Structure formats: structure tokens, C-alpha cells
Amino acid sequence: MTFTPHGKHLIAGQWLAGDETFNSDPAHGPAHAYSIGRVSDVNAACEAAEEAFWSFGYTSRADRAAFLNKIADEIEARADAITEIGTQETGLPEARLQGERGRTTGQIRLFAEHILKGDYLDTRHDQALPDRAPLPRPDLKMIQRPVGPIAVFGASNFPLAFSTAGGDTAAALAAGCPVVVKGHSAHPGTGEIIAEAVHAAIKACNLHPGVFSLIQGGNREVGAAVVQHPLIKAVGFTGSLAGGRALFDLCAQRPEPIPFFGELGSVNPMFILDNALNNRGTDIAAGWAGSLTMGAGQFCTNPGIAIVQAGEKGEAFVNAAQEALGAFGAQTMLTDGIASAYQSGQRRIAEIAGVQDVLTTMCDQRDATPYLYRTTAANWLENEVLAEEVFGPLGVIVTAENADEMQQIARSLQGQLTCTLHMDDADTEAAQRLMPVLERKAGRILANGFPTGVEVADAMVHGGPYPASTNFGATSVGTMSIRRFLRPVCYQNLPDALLPV
Ligand code: NAP
């Protein structure tokens, strides 16, 4: 093997072993032992991050951009080893890991470019008006400043792009905030090699070693300790609703509550409007099957629900989806726990009265096959469980009697990362009726596409009202995500010598 993990934490530039270890549970290849994180490790990492802030928080944008580019280079220098351990740990195919690595280094470099432009600082200046009556106006300047040490939690399904040096870490470092990563126990070796790349970049750029630490998991106490540490000033989290909510509550209960930016799950409904259904329902069904099964359905943007008009064309859609999904074989899921959660989610849906099986197969332990169910809009509206995320390749088709029922479904939705409209020109009026509702529900609205595949760009919003995320004003993907780790400071009548450079 190109890379043999040593299983230690990286704390302020030192690789440190703990007292106890846990074993990784790879989909294939050898398991390795990793140190279990302790509260003392959390304390050491947070104290070093605070110490590092006094220099790193005041580095120039050019220096931070150079650091980000160096991290991307160091990740690329370990490309093959990252793919090897990443595929072993997650069971994801090589091509997926390679693509995700490109996305990860691409977003790190995008942040380097973004901070060099400077407009993220959103500087404002109200000139002094000394002669204004009845009162003079002072000189007011405003700029965004980094908030301090950030805790980052990645998700199992994106071992690179939403993990150790993923979007949250890149955004925080770009802002000038040191990062303490709580490693994901589903991919600790991938976490270790990425931490090695960040560590090499810190040394090459001569930065304070406390700028980045990785504490391996192995127990839940370590995550709780990180978010409760008084020196942590905000948390970036990607993962499940249950985990995110537990940590969000801990942040809110702190003596000094801090923002918790949780990017959670979603069912990403697709509304297939009548003309699109009539003209190309079969094609949409085939496209849906591809999106639903991509990565064994383990995407937060997985489109789990399709809403169609009941009737002959709706039946044709059900048949086409059944046929297209039936053609997909079993895929390995990320962990045994996720595979068993998929099975219990499937049973939860199947047991609801009025839900019919369209496609059911037998899953074998960690291997998942697609499931397809159907129900009526009236039944869907009565059963909240049908609106909950099942993490995996499971689809539900909801047949609506008319446009009013579609509207009711839209109104009853919880917050979503995405909502999709499949529409032809002749559906414009129906789509216009849905739009005000969908805008209140989702962070991103798509037409005639599938929500899996999130572009990393300036205009991207990857977030949404709860439970899609815990902060509807934020995004975890794209350049605007840096705003989560900044806060505005106003400087009133301060001499230039005291202003930030
Ligand atoms: P997860 O089980 O919630 O784990 C995420 C991280 O949180 C892990 O480090 C985990 O620790 C920790 N954690 C979870 N519950 C905790 C608790 N009660 N106390 C302390 N730490 C806790 O999520 P996952 O299975 O990795 O990811 C799959 C989920 O993420 C899906 O629901 C998916 O939709 C969502 N997701 C969302 C996005 C998005 O951008 N919105 C992107 C990708 C995935 P351990 O290491 O100990 O497990």
C-alpha cells in the first residue's frame, strides 16, 4: 500500500497517539488502528488554534491565498495514495474519489482567488459629516473580520469535499480562522493523509502549527467536547439531522452560544408538470433513476420524491422509473451503520398504509439496491414520515389528482436543499404558481435537471430552511460560504494607523 496510516491525531503540528484505539471498518482492504480522541486532545488543539489566531487572523490575503494553493498542491502530490485509502474506506469507486479530489482542490484554489479579489470583505464607508445638524455624523468604516477558531465535522459520503480539508475548512482558513477538525470515524485514514497535506503546507508557509489540527473520533464525547470548548467560535458541520441537531443544541446551551452551521439531509422533491410528463415522462424517469442511484443514493441532494399527475401518463412514468431503477445492481454503502439505517428507512416507508411497492429487492448487508414506492398525494400529506430522508437509493412517486394537490404538497414540505421543476414552455403558468412556495422551502430551485452535482461557484447556495440546514442565511458550498466565519466590525473615527490593513 502506498500509504500506511499511523493512526495518530495531528495536534498543533505534532502527531500524537492516544491511550486507546478504534479499528477502521473499510469496505475492502486492511483495517487500521486509530487513536480515540480525548477531551485533553480537544483542549490542546483548541488552545493552539486560539494561539495561532493572533498571527494567522492577521495574515495578508496574499499569504493566505498562497497557503491555500499550497494545501491544494500537497493534496495533489498525494493523489494516488488518497484514492487508494479513500476507496478502501468508503467503498466508493476510484473515479468518484478522483473526481472528488479535483473538486476539493478546485474549491481550495477558488477560495484563494476569491480572497485576493477582496470583495468578500464587503467594506463600507460613511464619510464624517461634521457640519450635519442637529448632530454631526462620525466617520464610519465597516469590514468583515475572522471570528476565531472553527470546529469542522465532515460527512461520511464526501470523504474529501465535505471533510478534513473540504469546503468548511477551506472557507474558514480563507477567512483567517484556524480549524480544529473532528475526524470522521468512517474514513480516518483518508482524514490522516489529508491532514498530512495540510501540515506540510503549514510548514512550507511558515505558519503557526495551531492553524490546523485533526482529532480522530472513535467516540461521541470528542465531538461534544469540541463544540463546547469555549475557544471555538463557530462550527461547520455536514452530516445527519440527528447528529447535527444534537451538536446544534449543545452550541445553543453553551454559556456563550455560538453559531452552528449544520448542513443536513433533504428529500429534494421533483415536481413533474403535466406537459413535461406528457411529452417526455419516460426520459425524465430514466434520468431520475440515474440521479437517485448515483453513489448508492448517498447524496444530500438525492431526489427522493417525484410528484406527478395521476392518470395514464403518471402510470407510464411509474413503469418507466421501475424499469430504469430495476436495471441498477447492488452498490456498496459507506458503512454498515448507513446500510442498516437504509434498511430500516425502507421498512418505515413500506409499512405505511396506502404505500405500494413498485420495486423491492433484497439488500445484502452493506450492499444496497434501489427501492421504489408509490402513494397518492392525499396519503403523502397525511404521513409526515414519507417526507423524511432515507439515505440511499430509495424513491417515492406521489400521484396528485390536480394542480391544487401539487400545491398542497409544496406548501407542506419541510426545508429542502433543493426543489426541482420538470417543465415545458406550456407549463410556465403552473410553475409560476409553485415558485413562491418553493422559494420559501429550498436553497436551490432547478428546472429540467437533477439536483445531484453541486457546482462550486459564486452563485451557489447549498443550504436551506431547517432541517436542510440550521442557518437559512448561509451556504456551505461556493464562495459565499466564507461569510459564515466572518463578522462585521465598525470602526468609528479611528485613525488609519489603527485600521485593519
Ligand atoms: P453523521 O452520522 O451525523 O456524522 C457526521 C459527524 O458528526 C461525524 O463526525 C460523527 O461522528 C459526528 N456526530 C454525529 N452525531 C453525533 C453526536 N450525537 N455527538 C457527537 N458527534 C456526532 O452523518 P454521516 O452519516 O457522516 O453523513 C450522512 C448524512 O449527511 C446524510 O443525512 C446526508 O444527507 C448528510 N449530508 C449533508 C450534506 C449537505 O451538504 N447538506 C452533504 C453530505 C451529507 P462519528 O465519527 O463518531 O460518527
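FYI, side chains are in, hydrogens and waters are out, and symmetry mates aren't considered; it's all heavy atoms of this structure. All values derive from a computational prediction rather than experimental measurement. In listed order, ligands and their atoms are each counted from 1.
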So, do Thr420 and Phe271 sit near enough that their side-chain heavy atoms are less than 4.5 Å apart?
->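 Counting from C-beta outward, Thr420 and Phe271 never come under 4.5 Å.
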
Give the C-alpha distance, both sets of side-chain angles, the deciding distance and a yes or no for side chain to side chain donor-acceptor pair (under 3.5 Å) between Thr2 and Asp80.
-> CA-CA 8 Å; Thr2 326; Asp80 292 343; over 6 Å; no

Could you list all the salt bridge (Lys or Arg N to Asp or Glu O under 4.0 Å) pairs where at least one residue sits in residues 237-247, not counting sequence neighbours?
->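 For residues 237-247, and leaving out neighbouring residues, the salt bridge (Lys or Arg N to Asp or Glu O under 4.0 Å) pairs sorted by first residue read Arg245-Asp249.
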
For the rings on Phe299 and Phe158, is their centre-to-centre separation under 6.0 Å?
->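 When the ring centroids of Phe299 and Phe158 are compared, they turn out to be within the sub-6.0 Å range.
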
Kindly write out the residues that satisfy side chain to side chain donor-acceptor pair (under 3.5 Å) with Asp357, not counting sequence neighbours, or none if the list is empty.
->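 Side chain to side chain donor-acceptor pair (under 3.5 Å) list for Asp357, sorted by chain: empty.
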
List in chain and number order the residues that pass ring-ring contact (aromatic ring centres under 6.0 Å, His included) with His462, two or more places apart in sequence or in another chain; answer none if no residue qualifies.
->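 Phe162.
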
Close residues, ligand 1: non-hydrogen atom nearer than 4.0 Å =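 Residues near ligand 1: Phe153, Gly154, Ala155, Ser156, Asn157, Phe158, Phe162, Lys182, His184, Ser185, Arg220, Phe237, Thr238, Gly239, Ser240, Gly243, Ala246, Leu247, Glu263, Leu264, Gly265, Cys300, Ile338, Glu389, Phe391, Leu417, His462.
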
